[in-house]
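Below you'll find the structure, written out as structure tokens, and then a few comments.
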Protein chains: 2
Amino acid sequence: MSAAEETGVEDAPWSEVTPEAARRLLVAAVEAFAERGYHATTTRDIAGRAGMSPAALYIHYKTKEELLHRISRIGHDRALRLLEAAAEGEGTAADRLADAVRSFVRWHAERHTTARVVQYELEALGEEHRAEIVGLRRKTDAVVRGIIGEGVRAGEFDVPDVPGTTLAVLSLCIDVARWFNAQGSRTPDEVGTLYADLVLRMVGAQK
Amino acid sequence: MSAAEETGVEDAPWSEVTPEAARRLLVAAVEAFAERGYHATTTRDIAGRAGMSPAALYIHYKTKEELLHRISRIGHDRALRLLEAAAEGEGTAADRLADAVRSFVRWHAERHTTARVVQYELEALGEEHRAEIVGLRRKTDAVVRGIIGEGVRAGEFDVPDVPGTTLAVLSLCIDVARWFNAQGSRTPDEVGTLYADLVLRMVGAQK
DNA sequence: CCCGAAGCTGAGCAAGCGCTTAGGGGGACG
DNA sequence: CGTCCCCCTAAGCGCTTGCTCAGCTTCGGG
């Protein structure tokens, strides 16, 4: 049983967003931002995809930037929760690291439209909103560094540069959102398994 | 001596762009695109950074998109040349792979503003221009897959999934452009060395 | 001394942008 | 039946965008 299933991080993507019209707008925005990027997406395009007039957007969201923030916040929360669930699991450090990478990568592949927005449109956020998100990302980093650190202390891993390797592992996982294509030949599960193996090699875990 | 030095891939970044005013505009565009993204950058901003009026841009470039294409073309050419030089070098597959990763990563770190534009603004290109760039990226992929394949055939590497590992290696290197910060604590050389080591682990090269 | 080409500017156009506002329609409740 | 409130739309405001164009300057060759 994976960390995601254990902790009941449900897959229904935007169930916490209400009312329904606000959710439809948010889903439309995710699609549009992922396809064209935040700055190239117009509020008219978002409203159109949601089957509404341009003005309807401003009943549910103050600005276009608030939409991006909501998406980014929820996405980062979800991804962080996946990692934490894996970190708090049982088994050796290698087990937990593999579980963390598998969940994290699978999320980035399965929800690659969302992940693309979450990971690559950070700089379009306003000052305070960006600061909040950066805080969440530091937590993400800390979780992975924690697992790797434990593995080193337990003698399971051979890692000369823990912060550097942590950075590389996260970078590798995050970049899945950029290249993953749903029409491609690999399923999210396959990519997750491949990457978990590669990461275990990176930290020198004995097989 | 590294592959870059051997083949005289000079570091002077945009020396092939003439006349000087066109080069100034291009350098200004690289900075602006890297900071704000292509769509959020205005032609007035580019011209302003180059110390010219907005209209001056259109004497040297037909459109804003042509500027992006020129940047992307030159950047991809340079990066591909680095990889090819390493691939054609001497030594074991491990030597050549490490050299390739080191050069490629160092380029992405040293010229991270350029690399950011080159790697992450691809979708802003027009139809034919994008197709041309995608062709160059396929060549890049082929070079890395070639080195890894040779290592496997020579019994140097242990890689169950060559295309998947190639993808991961390139993804890891490219993403350096996203997170690398010149004010950070790591030099491009240090990152290159760290990453070369990590990649050798990923392909199971015996030390 | 003049000329044409090349490089650049000031002014500005049409289109599209984020966002606002006045008002309509329909369900819940008295 | 009337009233209130919540969603939503049509229209459009003020501004910025990519790009154009007539005209000015600079400069090498005859």
Side-chain angles (χ1 to χ4, degrees), chain A residues 14-72 117 121-130, chain B residues 14-72 117 121-130:
Chain A
W14 305 109
S15 50
E16 70 236 65
V17 181
T18 54
E20 196 247 350
R23 178 165 54 241
R24 253 166 49 223
L25 284 163
L26 192 133
V27 169
V30 169
E31 282 174 21
F33 290 163
E35 271 178 35
R36 312 211 221 286
Y38 175 81
H39 288 292
T41 299
T42 70
T43 55
R44 282 164 238 262
D45 182 22
I46 297 170
R49 285 176 193 241
M52 296 175 179
S53 83
L57 198 151
Y58 293 91
I59 293 159
H60 300 282
Y61 303 95
K62 270 217 308 274
T63 63
K64 179 176 140 186
E65 192 264 356
E66 190 191 314
L67 252 173
L68 177 62
H69 174 240
R70 285 277 254 275
I71 294 165
S72 198
V117 178
E121 301 291 347
L122 209 100
E123 297 187 2
L125 287 170
E127 202 59 43
E128 326 89 53
H129 284 165
R130 181 162 63 246
Chain B
W14 305 109
S15 49
E16 71 235 65
V17 181
T18 53
E20 194 246 351
R23 177 164 56 241
R24 252 164 51 221
L25 283 164
L26 192 133
V27 169
V30 168
E31 283 173 19
F33 291 163
E35 271 178 35
R36 309 212 221 287
Y38 175 80
H39 288 293
T41 299
T42 68
T43 54
R44 281 165 239 263
D45 182 22
I46 297 170
R49 285 177 194 241
M52 297 175 177
S53 85
L57 198 153
Y58 293 91
I59 292 158
H60 299 282
Y61 302 95
K62 271 219 305 277
T63 63
K64 180 176 140 186
E65 193 264 356
E66 190 192 314
L67 251 173
L68 177 62
H69 174 239
R70 285 276 256 273
I71 293 166
S72 198
V117 178
E121 301 291 347
L122 208 101
E123 297 187 1
L125 286 170
E127 201 60 42
E128 326 89 55
H129 284 164
R130 182 160 64 245

To the nearest Å, give me how far apart [atom1] ([X]) and [atom2] ([N]) are.
X	N	atom1	atom2	answer
A/R23	D/dC7	CZ	P	14 Å
A/M52	D/dA10	CE	P	13 Å
B/D45	D/dC19	CG	C1'	16 Å
A/I59	D/dC7	CD1	C1'	5 Å

Next item on the list: Could you list the residues that satisfy salt bridge (charged side-chain N to carboxylate O under 4.0 Å, His left out) with A/E121, not counting sequence neighbours?
Entry: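 For A/E121 there are no salt bridge (charged side-chain N to carboxylate O under 4.0 Å, His left out) partners, ignoring immediate neighbours.
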Check: Residues in salt bridge (charged side-chain N to carboxylate O under 4.0 Å, His left out) with A/R36, at least two apart?
Finding: A/D45
What's the separation between atom [atom1] in [X] and atom [atom2] in [Y], rounded to the nearest 0.5 Å?
X	Y	atom1	atom2	value
A/E20	A/H60	CD	NE2	9.5 Å
A/R49	A/R24	CZ	CZ	14.5 Å
B/R23	B/R70	CZ	CZ	12.5 Å
A/L67	A/K62	CG	NZ	12.5 Å
B/E123	A/E35	CD	CD	9.0 Å

Margin query: Does the protein touch nucleotides 11-19 of chain C at the base, only the backbone, or not at all? Give it as B, S and - per nucleotide, heavy atoms under 4.0 Å.
Written below: -B----BBB
Next item on the list: Take the C1' atoms of the five end pairs on each side of the helix from C/dC1-D/dG30 to C/dG30-D/dC1, get both axes, and report the angle to 10 degrees.
Entry: 10°
Nucleotides 23-28 of chain D: which of its N/O atoms have a protein N/O under 3.5 Å away?
none

Check: Any sub-3.5 Å donor-acceptor pair from A/R44's side-chain atoms to A/P54's backbone N or O?
Finding: no
Next item on the list: Examine distances only and state if a side-chain atom of B/K64 and a backbone atom of B/L57 form a donor-acceptor pair shorter than 3.5 Å.
Entry: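 Side chain of B/K64 to backbone of B/L57, a donor-acceptor pair under 3.5 Å: no, none is there.
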Checklist line | ring pair (Phe, Tyr, Trp, His ring centres under 6.0 Å): pairs with one or both residues in residues 17-45 of chain B, sequence neighbours excluded | finding: B/F33-B/Y38
